[in-house]
Amino acid sequence: GAGVSQTPSNKVTEKGKYVELRCDPISGHTALYWYRQSLGQGPEFLIYFQGTGAADDSGLPNDRFFAVRPEGSVSTLKIQRTERGDSAVYLCASSLNGGYEQFFGPGTRLTVL
Amino acid sequence: EDQVTQSPEALRLQEGESSSLNCSYTVSGLRGLFWYRQDPGKGPEFLFTLYSAGEEKEKERLKATLTKKESFLHITAPKPEDSATYLCAVQGHTSGTYKYIFGTGTRLKVLA
């Protein structure tokens, strides 16, 4: 079966621009997570969805970051007014339900020039 | 605050030379401890889940163990294809979330 997919695989943008990153979870997985990974670091939690609702958004660094999951499947992470410090790999993971093992996608590498 | 520390940061082994990676953690009630493998440019790949002290899991040349303060990933007779970054994560009993807290990983290089 298909794993978690993320698009685009790479995104280069200019400082101040708006970007959207997409995540397609494993079919049937109700829980979805976004993490951010900087070079040489472990993934850092951003937001957790259970179904359509954001159950925990405590990891979003500021109000420039926003994520949605309108139909309880695909999720989009949105970043406004990008800054160079936003450059990182953005990872999406899904699990059957909260508390189960999380399966990760390949990530989107975001570069802000 | 939940925290995970992995050591060593990097490890070079000769093929066949067994060793162990360490993951020390502090968490307000452990729901689970997870090991992942990450290859360059890829997302983390799930390896093991451990739930309680004394538990052990095995897969091929890898064996994960858990105590109340740390977990070990034992690699027996490693091969070059075992070269990767190994990540440890914990999930606590914080109400309303199932987020992982990750360590910074151990970069393993196995030389032929």
Is any residue of residues 85-113 of chain A within less than 4.5 Å of chain B by heavy atoms, and which ones?
A:Leu91, A:Gly98, A:Gly99, A:Tyr100, A:Glu101, A:Gln102, A:Phe103, A:Phe104, A:Gly105, A:Pro106
For [X], does the [atom1] atom have more than 12 heavy-atom neighbours from other residues, nucleotides or ligands under 6.0 Å away?
X: B:Phe46; atom1: CZ; answer: yes
X: A:Glu71; atom1: CD; answer: no
X: A:Arg64; atom1: CZ; answer: yes
X: B:Lys42; atom1: NZ; answer: no

What one should report as the nearest heavy-atom pair of A:Gly42 and B:Leu87 is CA-CD2, 4.2 Å
Counting only non-hydrogen atoms closer than 4.5 Å, does A:Ser9 touch chain B with its backbone (N, CA, C, O), its side chain (CB onward), both, or neither?
neither
Show which residues join B:Tyr51 in its hydrophobic cluster (side-chain heavy-atom contacts under 4.5 Å, direct or indirect), or state none.
none
Between A:Tyr48 and B:Tyr98, is there a side-chain heavy-atom distance shorter than 4.5 Å?
yes
Connected via hydrophobic side-chain network under 4.5 Å: [X] and [Y]:
X: A:Tyr33; Y: A:Val4; answer: yes
X: B:Leu66; Y: B:Phe34; answer: no
X: A:Phe66; Y: A:Leu60; answer: no
X: B:Tyr36; Y: B:Leu30; answer: no
X: B:Phe72; Y: B:Leu62; answer: no

At what distance, to the nearest 0.5 angstrom, does NZ of B:Lys99 lie from CD1 of A:Ile47?
12.0 Å
Portion of B:Glu9 that has a non-hydrogen atom of chain A nearer than 4.5 angstrom:
neither
B:Tyr100 versus chain A, heavy atoms under 4.5 Å apart: side chain, backbone, both or neither?
both
Leading residue by heavy atom contact count with chain A [cutoff under 4.5 Å; candidates B:Gly41, B:Pro44, B:Gly43, B:Gly105]
B:Pro44
Between B:Phe102 and A:Tyr35, is the ring centre distance below 6.0 Å?
yes
